[in-house]
Colleague: 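A single structure is presented below for examination.
Every value quoted in this text rests on a predicted model; they were computed, and no experiment measured them. We count ligands from 1, going down the list as the structure has it; atoms in each ligand are counted the same way.
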Amino acid sequence: MKIPAEAPLIPPEIIADHARLAAEIAAHDIAYHQKDAPTVSDVTYDRLRQKLLALEADWPGLVPERGVGAPPVESFGKVTHRVPMLSLGNVFEDGEVGEFTQRVRRFLGLGSDVPLAFTAEPKIDGLSCALRYEGGHLVQAATRGDGAVGEDVTQNVRTISEIPHQLRGNVPAVLEVRGEIYMRRDEFVALNERQIAQGKPAFANPRNSAAGSLRQLDAKITASRPLHFFAYAWGEISHLPAHSQHGMVAYFASLGLPTNPLMKLCENDAQMLAHFRMIEAQRASLPYDIDGVVYKVDDLDLQLRLGFVSRSPRWAVAHKFPAEQATTILRDIEIQVGRTGALTPVARLDPVNVGGVIVSNATLHNEDEIARKDIRIGDSVRVQRAGDVIPQVLGPLLELRPEATKPYVFPDHCPVCGALAVREHDEKGVPDAVRRCTGGLTCKAQVVERLKHFCSRNALDIEGLGEKQIEFFHAEGLITTPADIFTLAERDRKTLRPLRNREGFGETSARNLFAAIEARRDVPLNRLVFGLGIRHVGETNAKRLARAFGSMEAIAQAKLEDLLHIDGIGVVVAEALQAFFAEAHNVEAVEALLQQIKPQPMPEPLNASALTGKTIVFTGSLELMTREEAKAQAERLGAKVSGSVSKKTDLVVAGPGAGSKLAQAEALGVEVISEAEWQQRAAG
Ligand code: IVH
């Protein structure tokens, strides 16, 4: 137990209580994480942790010390965000900022003469973090993760001196502050010098080094790293202390939380762009990395009305700084084969510094792009990096072209399995931009890439089964289909060459891997659907399908018209699904998998309401909100909005001037309400 010198004297019985609790929790942690044999229920465990945290909050001098006699936990606990942590849409050009503010006005039905204020602030290049305060005490800190579930980094965040353990002033009972954890540039350089001196790998940039420092299982390492925080948003909050974005940020500052001094309230597009220019001009001299400016609608009532589309708020946008470029030599073009057989050309470059990041690989997009720009191996090429996207080769510098170069010939056979690689044509005879290997599951690259996707973070998310391990298991003939993953442990028990005796594995890592696999037998259905890697079925569509059908079997058997009935699912997706389940080997693979796992139905949306699942038609003119807003509001409540009245319609909202749809509704006996009544129902 460490007690800082400046801490108030803590009664010995409190210290003893704390040590006992910590030891008890540590023992449960070992049982749960390392032995996969929990000794208490989750509820009991959570209570113990809450007790410990409350004690630490009451006595700030009690420094939490993980592992009183216990080895560090093998992984972070998971935290389900009560309010999802979303991302921002991006714009790059000045003109797009005007388009954004116009979109907002149109959605809200505000004319150009109505005042509409926006905040403008730097977009910090760090990692987002949610800090949960209860009664003003910091009780939990979580990373963003996939936006729905993050990692519990409470112990680590407690070591960041800038983040108060106790807020000052009048605080809401529950306040989840969100913001960015970052490392300053000078601190990043100094840390890298230390890393190199100790023979450890250097970090690529301040953001990676902040993330690497925070995500340490041993919080003592985090404590030794310089980390900072800016508060700019919030999640769950028991009551809103302000009505505006800038008011909320000022409130955070009053509680003792660090906020960014460059936030400005802007009254029009011109002021927003002027502030963008001002921040851009300061960028190089700021002590921390930023990659753009974020604009947010200031009025919180308007933010609420605007809501979200997919994963981003309609009320905010990130205006990114222009991409950074550099010149280097293209040494080779490697063709990678993806899980759908797509052949992707990747440039192998002489390493070059592009705006602070060393780049040695970049995308060349596709066959036509290489031909159109006549990019040749040996050329000097311009390379560009913008935000998080993969660096790209823009084109060759012809004046620097060496003599003996030849035009690049794109392969027409798969470099991995040798099968023919073709470009599909659409019904108009236009060739697809992508050339694909026709080898299907006989192509090793496709099999391995599909397995990687199946295990990836937003799919099954099996800890310890990363890309390298999948390549290993596939090469050893131990895993070729998703179902094989779940029979691995059983086969391992019977084999003469168990995993624990193989290179790269030991007793503990083998046991942990099997435990991680075991834990995913009840994976949420949407993750499984996404993990199958069906063309055009990304995360959002996977959620739509899981919610609509409730089981894998129902999705597999769905008819085209059933699929088309689902909001957001169009012909392309529906046909891709049908094509997938028309292939016998896919059906077999899914059936074998379902012998092993029991996918769980998606939980109902948090805001399940009386309108969830209802089909609604808006007709006539709406006076309190725009059509787009009404539709978005209905969808937020889980309802489906349709353009025509039929027997399936549950409710018609009719404004002045309603005509044939209203008549149709009356003829069919469908309930009709006014816009004002709708507002009441929507408010719950
Ligand atoms: S607001 C609902 N403000 O950018 C979205 N985000 O691309 C709330 N970020 O995940 C985000 N600086 O990690 C906001 N001033 C700022 C930001 C900021 C950096 C990050 C954040 C977010 C990502 C979205």
Colleague: Answer with side chain, backbone, both or neither: which part of Lys123 has a heavy atom less than 4.0 angstrom from an atom of ligand 1?
Modeller: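 Both of them.
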Colleague: Side chain, backbone, both or neither: which part of Ala233 has a heavy atom under 4.0 Å from ligand 1?
Modeller: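 Neither part.
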Colleague: Over 60° means perpendicular and under 30° means parallel, so classify the ring planes of Phe230 and Tyr182, tilted if in between.
Modeller: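 Judged by the thresholds at 30° and 60°, the geometry between Tyr182 and Phe230 is parallel.
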Colleague: Ignoring hydrogens and angles, tell me if any N or O in the side chain of Arg382 forms a donor-acceptor pair with the backbone of Leu394 under 3.5 Å.
Modeller: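 A pair under 3.5 Å: no.
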Colleague: Which residues pass the ring-ring contact (aromatic ring centres under 6.0 Å, His included) test with His246, sequence neighbours left out?
Modeller: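 In terms of ring-ring contact (aromatic ring centres under 6.0 Å, His included), with neighbours along the sequence ignored, His246 is linked to no residue.
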Colleague: Spell out, as yes or no, whether a donor-acceptor pair under 3.5 Å connects the side chain of Gln303 to the backbone of Asp299.
Modeller: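 It does not hold such a pair.
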Colleague: Can you tell me which portion of Pro122 lies within the under-4.0 Å heavy-atom range of ligand 1? Options are side chain, backbone, both, or neither.
Modeller: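 The part of Pro122 near ligand 1 is the backbone, not the side chain.
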Colleague: Side chains of Trp315 and Gln245: do they bring a donor and an acceptor to under 3.5 Å?
Modeller: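 There is no such pair between these side chains.
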Colleague: Could you identify the single nearest non-hydrogen protein atom to atom 9 (N) of ligand 1 and state the distance to 0.1 Å?
Modeller: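 Here the closest protein heavy atom is Tyr232 OH, 3.4 Å.
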Colleague: Between Lys543 and Glu539, does at least one N-O distance fall below 4.0 Å, as a salt bridge requires?
Modeller: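 Judged by the 4.0 Å cut-off on N to carboxylate O distance, Lys543 and Glu539 do not form a salt bridge.
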Colleague: Identify, for atom 3 (N) of ligand 1, the protein heavy atom at the shortest distance, and state residue, atom and that distance.
Modeller: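 Heavy-atom neighbour on the protein nearest atom 3 (N) of ligand 1: Lys296 NZ, 3.1 Å.
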Colleague: As a check for students: among Gln303, Lys320, Glu180, identify the option with a heavy atom nearest to atom 20 (C) of ligand 1.
Modeller: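 Answer by nearest heavy atom: Glu180.
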Colleague: Would you say Phe308 has any N or O atom under 3.5 Å from an N or O of ligand 1, going by distance alone?
Modeller: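 Phe308 vs ligand 1: no N/O contact under 3.5 Å.
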Colleague: Salt bridge check: are Arg277 and Glu280 linked by an N-O gap of less than 4.0 Å?
Modeller: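 Glu280 and Arg277: salt-bridged.
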Colleague: Among all protein heavy atoms, pick the one closest to atom 24 (C) of ligand 1 and tell me residue, atom and distance.
Modeller: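 For this ligand atom, the closest protein heavy atom is Leu88 N, 3.4 Å.
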Colleague: How does Met85 reach ligand 1, by side chain, by backbone, by both or by neither, if only non-hydrogen atoms under 4.0 Å count?
Modeller: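 Looking at Met85 and ligand 1, no heavy atom falls under 4.0 Å.
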Colleague: What residue and atom, counting heavy atoms only, is the protein's closest point to atom 2 (C) of ligand 1, and at what distance?
Modeller: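 Heavy-atom neighbour on the protein nearest atom 2 (C) of ligand 1: Pro313 CG, 3.6 Å.
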Colleague: For atom 12 (N) of ligand 1, which candidate among Leu127, Ile124, Val317 provides the closest heavy atom?
Modeller: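 Among Leu127, Ile124, Val317, the closest heavy atom to atom 12 (N) of ligand 1 belongs to Ile124.
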Colleague: What protein heavy atom lies closest to atom 15 (N) of ligand 1? Include the residue and the distance to one decimal.
Modeller: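 For atom 15 (N) of ligand 1, the nearest protein heavy atom is Glu121 OE2, 2.6 Å.
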Colleague: Just let me know how Val294 lines up against ligand 1, side chain, backbone, both or neither, with a heavy-atom cut-off below 4.0 Å.
Modeller: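 Contact part for Val294 vs ligand 1: side chain (C-beta onward).
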Colleague: Could you walk me through whether Lys452 and Glu449 pass the salt bridge (charged side-chain N to carboxylate O under 4.0 Å, His left out) test, one step at a time?
Modeller: CA-CA 5 Å; Lys452 285 181 189 170; Glu449 291 309 312; 3.2 Å; yes
Colleague: Please evaluate residues Glu628 and Arg106 with respect to the criterion salt bridge (charged side-chain N to carboxylate O under 4.0 Å, His left out), reporting the C-alpha separation (whole Å), side-chain torsions for both, the decisive distance (0.1 Å), and the verdict.
Modeller: CA-CA 9 Å; Glu628 205 185 356; Arg106 212 177 315 120; 5.3 Å; no
Colleague: Under 4.0 Å from any heavy atom of Leu86, which atoms of ligand 1 are there?
Modeller: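 Those qualifying, in numeric order: 5 (C), 10 (O).
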